[in-house]
Amino acid sequence: MQRFLYEKDYSRMVVSSGNRLDEEIRELEGRLENDGYVYRNKPFQLYPRVVILSSSDREWIRIEAEKLLAILEKVIRLYEEDTATREYFMLDEAASRLVRIDPGYERKIRISRFDTYLVPGEEGFKVLENNTDCPAGVIFTGRVNSVLRQIPSLSRYLNNIPPLYEEGIHKPDAFINELTSAFAEFSSGSRLRSMAILQLENRVSLEVKEMVKLLRQSGVEAVVTDPRQLSYREGKLYAENQRIELIWNKINTADFIPLLDDFDALSDFIWACEDLVVCHVNSFQARFITESKLCLAYLSDPAFRKHFTEEECRILDKHIPWARKLSAMSSEDNDEQAFRKLFKLHREKLVLKTAYDIRGDGVVIGLSTPQEKWEQLIDQYWDKPYIVQELIAAPEIPVPAGRGRSLIHKKFSADLFMFGGEFQGFGSKLSDELKVNVFQGGSKQAIFSIDESTVKPPGGKCTGCDSCGDCINANERCS
């Protein structure tokens, strides 16, 4: 796992602060509420926890994540070119029609997030989900990180270490800039003036409401609408009387698929996309191919490794957990009963996932599922769009909690945000549960990295390190 810096300094800060941390957090939350500052879709307990990475670890993660995202773009091309690949993803005719739509820009995945675990004992991360449809946190992650930095005791701790790298995810204009960049490519350098954010009626999230405010401040007239309320007339797409040039489709694919049962209600929206009247982000290729959990099994299955270079296979082996489609379609063995027996036998080592889900609702962890129920699910979902995936143990980290802010261990994830094919920084969730998710009782922390440009060139070993005494870069001690 990547080395976390200044952990001893952090622990000393927690011990010396004691109950004062609780008071500081309550005062901060009260002030933010009075100011109307919104930074989360639902309430969660705010823990004064940050993780610090070295600049070299951050750079390594950036390079690996960008290579992995390039592989996902390749999967989209393979879907277009290879019959076996198309069959593997099990898309029905309605979804296949959408996937055939040319989005009008070359890179199909514009705004995405890898949900990962930093694996204990390994210098790497494992991808649990690709999130290439409409990831949450593109605005609120930066706000959560900003809020944590305003806790006085935590602020003093951060001020006593080298300056932190300011990531794109810390800046709300990074998300807006990627939307405008996609539109400029779609419409030959045109400036974006109006757009719609798609949400199901009466289900508008707080982050979406904040997006609208920021977009309007940047000069883009933005509205929120249900796609069934869009109107295509005289060669233009409208939300009521406002023309729409770009759509940020914020309806998760799992919730969007049921809408396809009523094509007439979506026809204006779909026709406008097909006619390239509106720029739709993310592309339907990203939403239905690489967003699918089947993509994780596809990348793991040796039957398709012939499509990838030696370097691409290295990336996949390092970051994609073992996974298989819930069927006998594999070059390893065509014996259906043998596969069923294998998946049932290794319940405690596997996770069952549906192709599209939200907030972990479609994830069944074998370790917490009775054997009889697990076997029933394997039979029930056989030859349907489900996968079994290797269970990756979540890493744990000490977090201040409880009376006196004693340190307790919580599981945590690392979210890698990607805009326009480039790494934009980290988000991170905390939980006591096997599913590390804010909507299932979790919370948030921040992952920062040292800004190398502000650190003096290496001058040998760090003499100030009271932990390992063998740091590579000056000022990047482990203490």
Side-chain angles (χ1 to χ4, degrees), residues 76 79-80 91-111 132-134 175-176 178-205 208-209 211-216 218-291 356:
I76 290 173
Y79 181 92
E80 297 173 356
L91 297 185
D92 61 18
E93 180 51 40
S96 296
R97 174 177 176 175
L98 295 180
V99 166
R100 289 193 293 270
I101 295 175
D102 176 5
Y105 44 80
E106 183 176 357
R107 181 179 292 279
K108 306 301 189 294
I109 306 169
R110 307 302 299 223
I111 296 166
T132 62
D133 60 351
C134 53
F175 164 72
I176 295 172
E178 184 53 33
L179 291 179
T180 57
S181 175
F183 182 74
E185 183 179 348
F186 172 87
S187 188
S188 301
S190 299
R191 184 178 70 84
L192 179 64
R193 294 165 297 181
S194 63
M195 62 170 285
I197 301 174
L198 299 190
Q199 290 269 261
L200 294 176
E201 193 172 14
N202 300 321
R203 289 175 58 181
V204 181
S205 71
V208 164
K209 293 179 180 178
M211 285 179 186
V212 171
K213 294 178 184 177
L214 290 171
L215 286 159
R216 289 176 176 172
S218 69
V220 178
E221 184 55 41
V223 297
V224 182
T225 185
D226 187 296
R228 293 165 292 191
Q229 297 172 348
L230 292 169
S231 173
Y232 185 24
R233 56 184 189 268
E234 298 179 353
K236 297 179 178 64
L237 187 67
Y238 292 89
E240 294 185 347
N241 292 321
Q242 179 175 314
R243 183 186 172 186
I244 303 302
E245 297 176 319
L246 179 142
I247 284 173
W248 170 235
N249 192 340
K250 196 62 184 69
I251 302 174
N252 289 276
T253 304
D255 292 328
F256 188 83
I257 288 174
L259 302 183
L260 297 176
D261 292 337
D262 186 359
F263 178 84
D264 288 342
L266 285 179
S267 59
D268 281 26
F269 163 60
I270 294 174
W271 287 333
C273 291
E274 288 178 327
D275 292 347
L276 290 180
V277 165
V278 67
C279 179
H280 180 268
V281 182
N282 277 310
S283 70
F284 289 113
Q285 293 87 351
R287 293 175 59 83
F288 282 96
I289 300 172
T290 52
E291 169 67 19
Y356 308 100

Looking at side-chain heavy atoms only, is the closest gap between [X] and [Y] below 4.5 Å?
X	Y	result
M195	C279	no
F183	E245	yes
V278	L230	no
L198	T225	yes
I257	D92	no
L98	L91	no

>> Looking at K108 and E80, is any side-chain nitrogen of the basic one under 4.0 Å from a carboxylate oxygen of the acidic one?
In response: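 Looking at E80 and K108, the cut-off is not met.
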
> Is R228 paired with E201 through a side-chain N to carboxylate O contact shorter than 4.0 Å?
Replying inline: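 No, E201 and R228 are not salt-bridged.
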
> Would Y79 and Q285 count as a side-chain contact (heavy atoms from CB on, under 4.5 Å) if you check the C-alpha gap in whole Å, the side-chain angles of each, and the deciding distance to 0.1 Å?
Replying inline: CA-CA 9 Å; Y79 181 92; Q285 293 87 351; over 6 Å; no

> For R100, does the CZ atom have more than 12 heavy-atom neighbours from other residues, nucleotides or ligands under 6.0 Å away?
Replying inline: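 Check passes, neighbour count above 12.
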
>> Can you confirm whether more than 12 heavy atoms, excluding those of R216, are under 6.0 Å from its CZ atom?
In response: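 More than 12 within 6.0 Å, yes.
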
Pairs of donor and acceptor atoms involving the side chains of residues 261-271, under 3.5 Å and at least two apart or interchain, shall be tabulated with distances.
{"unit_1": "D262", "atom_1": "OD1", "unit_2": "A265", "atom_2": "N", "d": "3.4"}
{"unit_1": "S267", "atom_1": "OG", "unit_2": "D264", "atom_2": "O", "d": "2.9"}
{"unit_1": "D268", "atom_1": "OD2", "unit_2": "Y232", "atom_2": "N", "d": "2.8"}

What distance do [X] atom [atom1] and [Y] atom [atom2] have between them, rounded to the nearest 0.5 Å?
X	Y	atom1	atom2	value
D255	L200	CG	CG	5.5 Å
L259	I251	CG	CD1	5.5 Å
T253	R287	OG1	CZ	4.0 Å
R243	R193	CZ	CZ	6.5 Å

>> Looking at N249 and C134, would you say the former's side chain and the latter's main chain have a donor-acceptor pair under 3.5 Å?
In response: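 Not at all, since once roles are kept as given, no pair shorter than 3.5 Å links the two residues.
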
>> Going by the rule ring pair (Phe, Tyr, Trp, His ring centres under 6.0 Å), which residues pair with F284 if we only count those two or more places apart in sequence or in a different chain?
In response: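 With neighbours one apart ignored, the set is H280.
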
>> List the residues meeting ring pair (Phe, Tyr, Trp, His ring centres under 6.0 Å) with F175, not counting sequence neighbours, and say none if there are none.
In response: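 Scan of F175 (ring pair (Phe, Tyr, Trp, His ring centres under 6.0 Å), adjacent residues dropped) gives W248.
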
> Are R107 and S283 close enough, and set up right, to give a side-chain contact (heavy atoms from CB on, under 4.5 Å), and what steps lead you there?
Replying inline: CA-CA 9 Å; R107 181 179 292 279; S283 70; over 6 Å; no

> Between V220 and L246, does a side-chain contact (heavy atoms from CB on, under 4.5 Å) hold up when you go through it step by step?
Replying inline: CA-CA 10 Å; V220 178; L246 179 142; over 6 Å; no

Closest non-hydrogen atom pair between [X] and [Y], with its separation:
X	Y	result
Y356	E291	CD2-CG, 4.1 Å
R203	Q199	O-OE1, 3.3 Å
S194	Q242	CB-NE2, 3.9 Å
A239	I244	N-CG1, 3.8 Å
A182	V281	CB-CG2, 4.1 Å
T132	A286	OG1-O, 2.7 Å

> Are L192 and I176 close enough, and set up right, to give a side-chain contact (heavy atoms from CB on, under 4.5 Å), and what steps lead you there?
Replying inline: CA-CA 10 Å; L192 179 64; I176 295 172; over 6 Å; no

